[in-house]
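First comes the structure, then the notes that go with it.
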Amino acid sequence: MTLVKIREVLDGCCDGKKVAVRGWVYRKREGKTMIFLLIRDSTGVIQCTVRKDSAAWSEAERLTIESSLTLEGTVKSDPRAPGGYEIVAEAISIIGLAELFPITKDKSEQFIRDVRHLWLRSRRMNLIMKIRANVLGFTREFFKSQDFTEVSPPMFISAAVEGGSTLFGLKYFDQDLYLTQSSQLYLEILIYSLEKVYCIAPSFRAEKSRTIRHLTEYWHIEGEWPFADMHDLMRFEEELLAYICQQTADKCKKQLEELGADVTKLSSVKTPFPRITYTEAVERLAKKGSALKWGDDFGYDDEKALAEEFNKPFFIYDYPAAVKAFYCKTYREHPEIAMSVDMLVPRIGEISTGGVREDDKDTLIRRIREMGLKEEDYDWYLDLRRYGTVPHVGFGLGLERLLTWMLDLENIIDAIPFPRTTRRFYP
Ligand code: ATP
Ligand code: MG
């Protein structure tokens, strides 16, 4: 008897063989002479049949949903079985008999979110988490292929990156510190040593509004590198996204299909992406009857309306400096315009923001003051402009926003195992 993973059985490697699988009871249906079990492990779900005359019958009768077990039997191809194969059970050994499992078909979405620790066992969450892990892998592969060094920035920080309204404060012994909103400023430090750097780390935002695209803790894919401009930045970002999407379409095809995601949407992500300026975006919105004026920041509805026109990822660049952060570089001949670029996708809107960073010390000081920030909080950041300043660019891409788009998820909370929102922080 060989112990196999369920995926091996479904892939047809075990037809006619005696095997053992280890896992949990996913579904159970009892007839007078036959018990149908769906058994799951980390790799898949397989139908198992237990006949009344089998030695496994009495244990099969005792089994409850989510009980853990080892099941031995013979693999048989059967077109009626989901996946095309089933195991005819010969012996069952119960490992942990489950109490009455609280998640049943009639339960509300609210309830399912409350028992996240149990819902994570669902096939749907299993598939999403596997694809997520693969997407992280493809991201690292791409950065590595471009000679980037992965670095580990701190999460406790002493000054805001993205403005005070979404900053989480905390007591750090007897000091007031914050949880980081982005690792950008720390990546900027590291480019002076390592040049091309990236990190994949949590960012924290005290977002009070409930939307389908905001978490209070999310994973941020951030890159930063010197001697580059806006065009290099957009080219890098689109190549990264195209690589992630194509690799996912290729290597995770089965999981995507089982999840009901659109594989073609991902495989057809090709570079170059369309690029429009902020000004052009405002004009396009005006044609749709929007009252938005030049200088206003886009809201979710504006982003969605623009994204509908493209129906694929695209860039908006050259934003009004007033709606962008203090570190954004502005055009010398047009100080009202920042060299900042967002990547947008249909339905979700913005998935990344990047730009050229201000590398001139005096301009940076002026911007810090204009934004009502304290110069002394950014002393070390100004040092980067004092000692060998260089033109440099960077971007931040929200992993969960990306997955929400890639996998057609209704809400960002399903893109992360343990979502944190205003109201959810348990378990
Ligand atoms: P938004 O305006 O949509 O709230 P932002 O412009 O404040 O986003 P950035 O500071 O540009 O966000 O962060 C870079 C990226 O991080 C965003 O493009 C997005 O993908 C992701 N991101 C930002 N805030 C959140 C959040 N609260 N939850 C999940 N992802 C986020
Ligand atoms: Mg942004």
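A quick note: this is a predicted structure, and the numbers were derived from the prediction, not measured. When a ligand or atom number is given, it counts from 1 through the structure's own listing order.
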> Given Tyr243 and Glu141, is the side-chain hydrogen bond (donor to acceptor under 3.5 Å, both in side chains) satisfied, shown in steps?
Replying inline: CA-CA 9 Å; Tyr243 182 79; Glu141 271 170 29; 2.4 Å; yes
>> What verdict does the side-chain hydrogen bond (donor to acceptor under 3.5 Å, both in side chains) test give for Glu224 and Tyr198, after you've listed the backbone C-alpha separation in whole Å, the side-chain angles of each residue and the deciding distance to 0.1 Å?
In response: CA-CA 6 Å; Glu224 196 78 27; Tyr198 79 100; over 6 Å; no
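With respect to the Mg ion (ligand 2), Glu350 has OE2 as its nearest N, O or S atom.
In the displayed structure, Phe168 atom CZ is contacted under 6.0 Å by more than 12 heavy atoms of other residues, nucleotides or ligands.
Between Leu397 and Ile351 the shortest side-chain heavy-atom distance falls below 4.5 Å. Within the 4.5 Å cutoff, the side chain of Ile39 has no heavy atoms near those of the Val45 side chain. At least one side-chain heavy atom of Tyr186 sits under 4.5 Å from a side-chain heavy atom of Trp380.
Listed for the Arg357 side chain is no donor-acceptor partner under 3.5 Å among the backbone atoms of His392. For the pair Arg205 (side chain) and Gln181 (backbone), a donor-acceptor distance under 3.5 Å is present.
With a 4.0 Å heavy-atom cut-off, ligand 1 is reached by the side chain of Arg401 but not by its N, CA, C or O.
For atom 27 (N) of ligand 1, the nearest protein heavy atom (residue, atom name, distance) is Leu215 O, 2.8 Å. The shortest contact between atom 23 (C) of ligand 1 and any protein heavy atom is with Tyr218 OH, 3.3 Å. Residue, atom and distance of the protein heavy atom nearest to atom 20 (O) of ligand 1 are Ile351 O, 2.7 Å.
Atom numbering of ligand 1 starts at 1 in the shown order; those under 4.0 Å from a heavy atom of His214 are 1 (P), 3 (O), 4 (O), 26 (C), 27 (N), 28 (N). In the vicinity of Arg213, heavy-atom distances shorter than 4.0 Å reach the ligand 1 atoms 3 (O), 28 (N), 29 (C).
In this structure, of Met343, Glu350, His220, the residue bringing a heavy atom nearest to atom 17 (C) of ligand 1 is Glu350. Remark: among candidates Lys324, Gln184, Arg205, Gln181, the nearest residue to atom 9 (P) of ligand 1 is Arg205, based on non-hydrogen atoms. By heavy-atom distance, the residue among Thr166, Leu402, Leu397, Thr353 lying nearest atom 11 (O) of ligand 1 is Thr353.
Taking backbone and side-chain atoms together, Thr353 has an N/O/S atom less than 2.8 Å away from the Mg ion (ligand 2).
Contact between Ile412 and ligand 1 is present, with at least one heavy atom of the residue lying under 4.0 Å from the ligand. At least one heavy atom of Glu207 lies less than 4.0 angstrom from ligand 1.
At a 3.5 angstrom cut-off on N or O pairs, Ser352 counts as close to ligand 1. Checked by distance only, ligand 1 and Gly396 stay at 3.5 Å or farther apart across all their nitrogen or oxygen atoms.
Geometric assessment of Lys107 against the ring of Trp119 yields a negative cation-pi assignment under the 6.0 Å and 45° thresholds.
Of the N and O atoms on the side chains of Asp359 and Thr389, not one donor lies less than 3.5 Å from an acceptor on the other residue.
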